[in-house]
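Quick caveat, the model's predicted, so the values are computed rather than measured.
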Amino acid sequence: MKNLIPSVAMNTTAMKSILCFTAILAVSSLVFSTPQTHADSPPNIVFFFADDQTTSTIGCYGNEVIQTPNIDALAARGTRFENAFVSQSICWVSRTTILSGLTGRSYGTAANPELARPDAVKTLYSDLLRENGYRTGYFGKWHAKMPAGYRNQDHFDEFEAISRNPYYKKQPDGSLRHETELIVDRGIEFVKNQPKDKPFALNLWFNACHAEDSDRRPGIGHFPWPRAVDGMYEDIEIAPPRLNDLAIFDSQPDFLKTTINRERYFWRWNTDKKYQTNMRAYYRMVSGIDGAIGRFMAALEEAGLADNTIIVYSADNGYYMGNRGLAGKWSHYEESLRVPMIVADPRVPKAQQGKVSDAIALNLDLPATFLDWANVEVPKRYQGHSLKPIVEAEKPADWRTESFHEHFAVRNRIPAYEGIRNERYKYVRYFDHGNHEFLHDLKNDPDELTNLASDPQHSETLTAMRQRTTERVAELGGPLDPLKNFSPSTVPHPEASAAVGTRPDKQGFVRAFDGKTLRQWSGDPQYWSVQEGALTGVTDGSLKSNRFITWENSTIRNFDLRVKVKVTAGGNSGLQYRGTSRPDLGLDIVTGYQCDVVANNPNYNGMLYEEQGRRILAHTGEKVIIDNEGRSWVVGKLAGSEAIKDFDTEAWHDYRVLVRGNHHQHWIDGHPTADLIDFDEKGRSLEGVLAVQVHVGPAMKIQYKDFKIKHLPDDLPLLKPEDHPIPSDAYGVKPQGRSPKDWKAPVYGQR
């Protein structure tokens, strides 16, 4: 089976055809081939484990936009679990649960439930497989909170932790490779070196689709995808969150409206543009995983191992993706707990291939399943059950009808709860918040919009489920120690979304640069460094394209920016704002508005430029209005700017950029250099990233220090054309480049 996901951008329609053909190839080569029997041969096991993925983002679970042909092919020849959940919806607890076979409450202690006890993780399922002849491999995200001195590499024959931060890893030849690709590279190498006389168990645990939380630039900054899927979904308008009615969010108790779920909502989902950009990026991460799986499956087939290798695909927790006005996972709703789970066992009869099971499956079941496949005795302490009978035949008559769920990680900032879920009802109580209870009727209210905990008609159900939760807590380890304090993360409806999580000074400013490191900035270290306490860009004059360094901390909308700037003679730079990332041109390339920093031309210094196609919007000293068709008209001169000022090179100057709605103003040393109103709805931007640049041209050195920004309210009104009419004698801004000798500016009244 050949991986056909393209490495260049193309429209989604063409790509859809290619990927559908890939899926057909996958199904035809793997589903309809005659399975060989391996009665005396233990099966190989490959476990693909994604991060932060709910079922709504996979084709075989009903998403008609996402392109996941290789994962869909696994479902077509395997078992797809419709009701798979995690016992606790957070990365490290879910992962440790799989490694140990125990719920978080059982592997930790009442005082420190997140940290695994030494006895609980002394023997992992991988150790038991090794003891029974398996060669084991682990490549990818670890992120399990183990006891001091714990050596994770000792529990696998081959082990390499591959993390994010950053997703793109520099290779020995200087190139960058995405962690998804690296993890599968290691897996393929593992398979190529597999001895013929041993079975293997291979764990490929991805960091994708986890956001790069420290980088809040929408798109490839926040959700970095493998470059093989560049351009996918660019022509698709992704549907808004299904549960995005503001009333759904406002109906939550205060402790759920002020937690990290809401804080991170403002990092990634709170505007239509940010939502579309980040959803396309997230979808590319999913398709990047899918393409990597296709590449691995081809290698498995080439090695002659596919017909005795069981493939498992799942995720460590669900994901809200803007539903209910939330981000992340962590709380009790279905979007957080529900995960994909697909098992493709080539040894089962054709009649059992391509089926969908309604059995309640848990991440807790996976280690028991792995051991059962290997014919290894499942430890009595394991709390899950093998899924093997369901995959091979049907759901056993005595299969669970109820599952236990909890959350206590980061308990001082994420509300902790415990409860049980069955086919009809879900009950939870947030035990640090007055035992606030929820009771949802999953049959009549599958979206969990109504809390029946106070409904007298459901009092018997509530009492029974409350009691069963108490009993299950006792069985799993008992109550946790009392919480000392809880810290809300945000107000439910902040005035300035970019200010969520920041600590402004008394004047309301946030430092964008610490004067010591490039922390919170992303750019090529070949051009950017810290020198003399300043953010410094240097080029030798050989640049073929501008080189940017962008601020990762947040997008900016309405703001007051202050910074000191120093540039060498002939230098050319700019303060880029409300910019958009252009990954098609490079990881750190940005286009947007720009306050120019130009040492050799006072007519350009401090002017307003735009790199998204409109170019010079206002020369220095011009007061400009851009009409609704994107044309710039000079409507006057700025006070005090009749004579364009020179600003010395090799000296520090105070730059200020004030942007409120569609009104832009620039100053240098208090001298006004630009004042512009942008009525071009299609061309303008109301939010984006902050960046600075070194420019093509002569050798230069540009420095920025005392970089600070004040985030102003999001809802500042936009200026309206009827209140700011363009006078008939307004004339057009001179375009960039050399103009003909007879060029005359157009006059607004003579259009």
Exercise. Are any of the side-chain heavy atoms of Arg280 and Tyr283 separated by less than 4.5 Å?
Worked result: no

Exercise. Are Trp205 and Phe47 an aromatic pair by the rule of ring centers under 6.0 Å?
Worked result: yes

Problem set entry | Asn261 side chain to Lys329 backbone, donor-acceptor under 3.5 Å | yes

For this session: Give a yes or no on whether the backbone of Gln53 and the side-chain of Thr57 come within a donor-acceptor separation of less than 3.5 Å.
Result: no

Exercise. Do Thr180 and Trp225 have side chains that get closer than 4.5 Å, going by heavy atoms?
Worked result: no

Problem set entry | Over-ring placement of Arg80 relative to Tyr61, 6.0 Å and 45° cut-offs | yes

For this session: Mark yes or no: Arg135 above the aromatic ring of Phe190, with NZ or CZ under 6.0 Å from the six-membered ring centre and no more than 45 degrees from the axis.
Result: yes

Problem set entry | side chain to side chain donor-acceptor pair (under 3.5 Å) between Glu179 and Asn207, worked out | CA-CA 7 Å; Glu179 65 86 26; Asn207 292 273; 2.9 Å; yes

Exercise. Any side-chain heavy atom of Arg421 sitting closer than 4.5 Å to one from His440?
Worked result: no

For this session: For the pair Asn278 (side chain) and Pro218 (backbone), establish whether a donor and an acceptor sit closer than 3.5 Å, ignoring hydrogens and angles.
Result: no

Problem set entry | Qualifying salt bridge (Lys or Arg N to Asp or Glu O under 4.0 Å) pairs, either residue in residues 85-103, two or more places apart | Asp51-Arg95, Arg95-Asp316

Exercise. Any side-chain donor paired with an acceptor under 3.5 Å for Asp52 and Asn317?
Worked result: yes

Problem set entry | More than 12 heavy atoms of other groups within 6.0 Å of Asn444 CG | yes

Problem set entry | Ring center gap for Tyr417 and Phe438 short of 6.0 angstrom | no

Exercise. Counting only heavy atoms not in Gln171, do more than 12 sit closer than 6.0 Å to its CD atom?
Worked result: yes

Exercise. Hey, does Val93 have a side-chain heavy atom less than 4.5 Å from the side chain of Tyr107?
Worked result: yes

Problem set entry | Any Ser87 side-chain heavy atom under 4.5 Å of Thr97 side chain | yes

Exercise. Do the non-hydrogen side-chain atoms of Phe48 and Ile71 ever get within less than 4.5 Å of each other?
Worked result: no

For this session: Could you give me the CA-CA distance, side-chain angles and deciding distance for Thr369 and Asp365, then say whether side chain to side chain donor-acceptor pair (under 3.5 Å) is met?
Result: CA-CA 6 Å; Thr369 306; Asp365 296 329; over 6 Å; no

Exercise. Within a radius of less than 6.0 Å around CD of Gln153, do more than 12 heavy atoms belonging to other residues, nucleotides or ligands occur?
Worked result: yes

Problem set entry | Backbone of Lys198 reached by a side-chain donor or acceptor of Gln194 within 3.5 Å | yes

Problem set entry | Heavy-atom check, side chain of Arg77 versus side chain of Pro346, under 4.5 Å | yes

Exercise. So His178 and Tyr167, would you call those rings parallel, tilted or perpendicular, with 30° and 60° as cut-offs?
Worked result: parallel

For this session: Go through the structure and list residues passing side-chain hydrogen bond (donor to acceptor under 3.5 Å, both in side chains) with Asp358, not counting sequence neighbours.
Result: Lys395

Exercise. Does the ring centre of Tyr265 sit less than 6.0 Å away from the ring centre of Phe249?
Worked result: no

